[in-house]
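Since the structure comes first, as structure tokens, the remarks are kept for the end.
Chain naming here is simple, since letters A, B, ... match the order of the sequence lines and numbering starts at 1 in each.
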2 protein chains.
Amino acid sequence: MPRKKTDDTTLDTSPPSDGDMLYSVFEDLCPTRLVLDRLADKWAVLILDRLQQGPLRFNSLKRDIKRITQKVLTQTLRKLERDGLIARQVFATVPVTVEYSLTPLGETLNEFISGLAHWAEHNIEAVLAAQAAFDAAAAPSTPANVTVHRL
Amino acid sequence: MPRKKTDDTTLDTSPPSDGDMLYSVFEDLCPTRLVLDRLADKWAVLILDRLQQGPLRFNSLKRDIKRITQKVLTQTLRKLERDGLIARQVFATVPVTVEYSLTPLGETLNEFISGLAHWAEHNIEAVLAAQAAFDAAAAPSTPANVTVHRL
DNA sequence: CTGTATCCTGCCAGATACTG
DNA sequence: CAGTATCTGGCAGGATACAG
């Protein structure tokens, strides 16, 4: 069976379509949302990151990205290929060889991811602290000198 | 009932934990992943964007972000609050009033989102073109002078 | 107004088996 | 080696009802 066109994760059918603004995050066909949806995919980011160092074969990726299944790896690679972020090259060796690499477009996106990673590492402390504070306030299991009575 | 500590979407229990690298996207507790997981949330980005113009009340957000349900709005606001990205202020008016606003941390993150939006709008043409080319190659329903025979 | 509590449903990741 | 096909369970997200 030939490759089927899997239109999922691209756009959803927005029934009411009550909007009259164009190209907004509030619209379903917003470019930002499309990109965000790609970045939303944990595995996609992992793959993009992995390919930063150069082209890799299918099983190399599978080995590197531990705990990813063949199916999900294939699906994610297809999506990235479809978006023009990675390139797929087949070599007619005896057991066929397939190599994946970043396209120029994929490289520019990767730069953004790097920037985001930088932000994340720079601010992770603050986020973690905020979470701890929030949790402490919400669930004071034993906040300080408070005695908890249980039946 | 007091607010419960909802630890979902924060970290998952990684059973094998086969990694010996620290702070990598390959680790589950990678800062980048944490941030990415927030951005992955469609509604979260929408809220962050909405708050860019200033503080908003719960129902304002609900009205602005069409098609979001109360439950999901509340959940998302809690997550963002927990991460220290937005602040929640309660006014003891007769029907209680609650206002949400960006924290400084949230504002810096928003700048990154803006950058990403810029990239998206700049490159959406290329992505769309790549998708069209991919689909055409994968599903040549009637690519050119090809006759399709059906029973 | 600003939530919480339930129930319900669809979709997607994971596991598994098979193929060129 | 690099996939495809199929089944399944869990859970995020929607709808709805109710409450302080």
Please state how far atom [atom1] in [X] lies from atom [atom2] in [N], giving the value in whole angstrom units.
X	N	atom1	atom2	value
A:Leu77	D:dC1	CG	P	16 Å
B:Arg78	C:dT2	CZ	P	12 Å
B:Leu73	D:dA12	CG	C1'	16 Å
A:Asp37	D:dA12	CG	C1'	15 Å
B:Lys42	D:dA12	NZ	P	17 Å
A:Lys66	C:dA13	NZ	P	22 Å
A:Phe58	D:dA2	CZ	C1'	6 Å

Looking at [X], does any N or O in its side chain come under 4.0 Å of the phosphate oxygens OP1/OP2 on [N]?
X	N	answer
B:Tyr100	C:dC1	no
B:Arg57	C:dC1	no
B:Arg88	C:dG3	yes

What string of B, S and - do you get for nucleotides 13-20 of chain D 5' to 3' if you count protein non-hydrogen atoms under 4.0 Å?
BBB-B---
Please name all residues satisfying side-chain hydrogen bond (donor to acceptor under 3.5 Å, both in side chains) with [X], sequence neighbours left out, ordered by chain then number.
X	value
B:Gln52	B:Asn110
B:Ser60	none
A:Trp119	A:Asn123, B:Thr108

Between the side chains of A:Arg33 and A:Asp37, is the shortest nitrogen-to-carboxylate-oxygen separation below 4.0 Å, so that they form an ion pair?
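Yes, charged N to carboxylate O under 4.0 Å.
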For the helix from C:dC1-D:dG20 to C:dG20-D:dC1, how many degrees between its two end axes (five pairs per end), to the nearest 10°?
50°
For A:Thr74 and for A:Pro95, find the nucleotide of DNA chain D with the closest heavy atom, then tell me which residue's nucleotide is more 5'.
A:Pro95
Are the side chain of B:Thr103 and the backbone of B:Gly84 linked by a donor-acceptor contact shorter than 3.5 Å?
yes
Hey, is the main chain of B:Trp43 close enough, under 3.5 Å, to the side chain of B:Asp41 for a donor-acceptor pair?
yes
By side-chain contact (heavy atoms from CB on, under 4.5 Å), which residues pair with A:Ala40, not counting sequence neighbours?
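A:Ala40: side-chain contact (heavy atoms from CB on, under 4.5 Å) contacts with B:Ala40.
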Going hydrophobic residue to hydrophobic residue with side-chain gaps under 4.5 angstrom, can you get from B:Phe91 over to B:Phe58?
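Different hydrophobic clusters.
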Pair B:Val127, B:Gln131 - check side chain to side chain contact (heavy atoms under 4.5 Å, CB included), show working.
CA-CA 6 Å; B:Val127 172; B:Gln131 291 183 349; 3.9 Å; yes
